[in-house]
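Working notes for the structure below.
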Amino acid sequence: MYLPVLTDEDLDNDPPGHKSGYVAVIGRPNAGKSTLINAIVGQKLSIVTFKPQTTRHRVVGIASDKDYQMILFDTPGIMQASGKQLVDSTSCCIQEQRSKLDERMMAAVVSSIRAAEVIIAVVDSADSPQDALAMFQPGADWNGPPMAVLLNKADQLEEQQLQELTEWYKQNCRAEQVFVGSALSGEDDGVAAIKAWAVDKLPEGPTLYPKSMVSDQPERFFVSEIIREQIFLQYSQEIPYACQVQIIDFKEWPNKKDHIQALILVERESQMPILLGAGGRAKRELGTAARKQIEEFLGRPVYLEITVQVAPSWRSKSDRLKDFGYFDPLYIT
């Protein structure tokens with residue numbers, strides 16, 4: 001991972017006992033992981049839609065204060081499927097998935113757990129506990145980082161149900177604490193409590209990034225994610241999952257609009273007309289919605305050009321996935 005060069009002033013400002021470290025946020029698709037990280041960081045960094053499995057990359061969010069710096073991994077959702085297992089050195093198992101893309105997304109979860117000093121598991125309280133963290137079951141010899149569970153969307157549960165869930169996660173998932181709250185609000189008591197717990201568990205250490213940074217990802221990455229989010233919001237069925245967004249060109253012009261050229265790849269010829277729509281209408285609507293969100297994120301006007309091409313079965317081709325950044329040489333080949 002690239003760490004930007006810190007100035008002496010950055011490090012001199014660290015008070016005695018300053019804490020820093022990495023926090024992995026895990027859970028099933030659509031449990032609220034991305035929403036929680038957005039709330040903790042205080043800025044939208046990750047895709048949040050009603051559809052599951054929207055996070056593909058291990059997005060890094062950074063939450064800083066004068067006394068700490070917390071680097072959060074927003075991991076892809078842990079999916080349920082049959083197959084062999086990716087075994088983590090800390091004695092937990094995460095099942096490998098069907099396509100190469102699924103495999104690499106799950107490898108991002110494993111690598112995040114290995115790199116973390118703290119784990120937060122976000123659970124939809126409507127899910128049965130056996131299903132909610134079925135892919136993450138630490139064994140009796142668990143020696144990994146401390147873990148807490150956030151019971152998200154728990155406002156409809158009775159007190160006895162909350163107590164039973166709390167005991168289950170403590171006994172079966174080695175959770176030190178179980179918090180109740182809504183990831184939608186950074187002001188929520190449960191979110192504030194789990195953030196304070198995570199900060200308390202961080203080791204003492206220096207500032208790792210400039211305190212003004214909220215992510216290590218470049219603007220190009222977030223622009224592509226904004227476009228992909230709009231694809232999820234506008235299209236249905238397999239189309240969003242078959243799309244990959246690449247930023248081909250990103251030019252900033254003084255006193256002019258930025259020029260952004262984006263390429264959307266689909267897997268099959270039959271998906272092209274769906275993405276384009278009659279007379280190109282659907283693509284124009286997509287471009288308009290994405291451009292507005294990009295301008296809001298960047299804080300400046302942009303000209304967005306979108307083209308669509310077919311990349312047959314790109315989700316199952318290792319070389320294409322590597323080109324698209326779905327590759328961690330430490331954890332998967």
For side-chain contact (heavy atoms from CB on, under 4.5 Å), just list the numbers for Phe179 and Val149, CA-CA rounded to whole Å, side-chain angles, deciding distance to a tenth of an Å, and then say yes or no.
CA-CA 6 Å; Phe179 298 90; Val149 170; over 6 Å; no
If you measure from CD1 on Ile26 to CD1 on Ile119, what distance do you get to the nearest 0.5 Å?
5.5 Å
Just wondering, do Lys195 and Met70 contact through their side chains at under 4.5 Å, heavy atoms?
yes
After noting the C-alpha distance and the side-chain angles of Lys283 and Leu275, does the key distance pass the side-chain contact (heavy atoms from CB on, under 4.5 Å) rule?
CA-CA 6 Å; Lys283 193 189 79 165; Leu275 196 65; 6.0 Å; no
Any side-chain heavy atom of Leu151 within less than 4.5 Å of one from Leu162?
yes
Side chains of Leu263 and Ile247: does their closest heavy-atom pair fall under 4.5 Å?
no
To the closest 0.5 Å, what do you measure between CD1 (Ile306) and CD1 (Ile248)?
12.0 Å
Side-chain contact test, heavy atoms from C-beta onward, threshold under 4.5 Å: evaluate it for Asp67 versus Lys19 and give yes or no.
no
Student check: side-chain heavy atoms of Leu36 and Ile120 closer than 4.5 Å
yes
Hey, does the side chain of Gln271 reach the backbone of Arg268 with a donor-acceptor pair shorter than 3.5 angstrom?
yes
Examine distances only and state if a side-chain atom of Ser20 and a backbone atom of Leu208 form a donor-acceptor pair shorter than 3.5 Å.
no
Rounded to the nearest 0.5 angstrom, the CZ-CG distance for Arg291 and Leu286 is 12.0 Å
Keeping the roles fixed (side chain from His259, backbone from Lys251), state whether a donor-acceptor pair exists under 3.5 Å.
no
Is there a side-chain contact (heavy atoms from CB on, under 4.5 Å) between Val245 and Val223 once you walk through the steps?
CA-CA 9 Å; Val245 179; Val223 167; over 6 Å; no
Does atom CD of Glu176 have more than 12 heavy-atom neighbours from other groups under 6.0 Å away?
yes
Nearest heavy atoms of Pro145 and Glu117, plus distance in Å
CB-O, 3.1 Å
Just so I know, are the side chains of Trp168 and Glu164 near enough to count as touching, which here means a heavy-atom distance under 4.5 Å?
no
Roughly how far, to the nearest 0.5 Å, is the CD1 atom of Ile194 from the CD atom of Gln177?
9.5 Å
When rounded to the nearest 0.5 Å, the distance separating CG of Leu72 from CD1 of Ile62 is 9.0 Å
Counting N and O atoms only, with roles assigned by atom type, does the side chain of Thr288 sit under 3.5 Å from a partner on the main chain of Glu285, one being a donor and the other an acceptor?
no
Minimum-distance pair of heavy atoms, taken over all atoms of Ala63 and Tyr68
O-CE1, 3.6 Å
The reported gap from CG in Asp65 to NE2 in His18 (rounded to nearest 0.5 angstrom) is 8.5 Å
Just by distance, do the side chain of Asp249 and the backbone of Gln261 share a donor-acceptor pair under 3.5 Å?
no
When you group the ILVMFWY residues by side-chain heavy-atom contacts below 4.5 Å and let the links chain together, are Phe222 and Tyr303 in the same group?
no
Can you find a side-chain donor-acceptor pair between Ser313 and Glu267 that sits under 3.5 Å?
no
Gln244-Gln246 side chain donor-acceptor pair, cut-off 3.5 Å:
yes
Looking at Gly279, is its backbone amide N or carbonyl O close enough to the side chain of Arg284 to form a donor-acceptor pair, meaning the two atoms are under 3.5 Å apart?
yes
Chi angles and distances behind the side chain to side chain donor-acceptor pair (under 3.5 Å) call for Gln69, Ser64
CA-CA 4 Å; Gln69 185 168 76; Ser64 302; 3.0 Å; yes
When every non-hydrogen atom of Ile226 is compared with those of Phe297, the smallest separation belongs to CD1-CB, 3.8 Å
Within a strict 4.5 Å, meaning less than it, do heavy atoms of the Leu202 and Tyr22 side chains meet?
no
Could you go through Asn152 and Asp124, starting from their C-alpha distance and side-chain angles, then the distance that decides it, and tell me whether this counts as side-chain contact (heavy atoms from CB on, under 4.5 Å)?
CA-CA 5 Å; Asn152 195 22; Asp124 188 328; 5.6 Å; no
Just so I know, are the side chains of Asp14 and Lys211 near enough to count as touching, which here means a heavy-atom distance under 4.5 Å?
yes
Between Thr207 and Tyr209 the two heavy atoms that sit nearest each other are CG2-O, 2.7 Å
Nearest heavy-atom approach of Arg228 to Cys243 is CD-O, 4.4 Å
Do the side chain of Glu295 and the main chain of Val302 share a donor and acceptor less than 3.5 angstrom apart?
yes
Any donor-acceptor pair under 3.5 Å linking the side chain of Trp314 with the backbone of Ala242?
yes
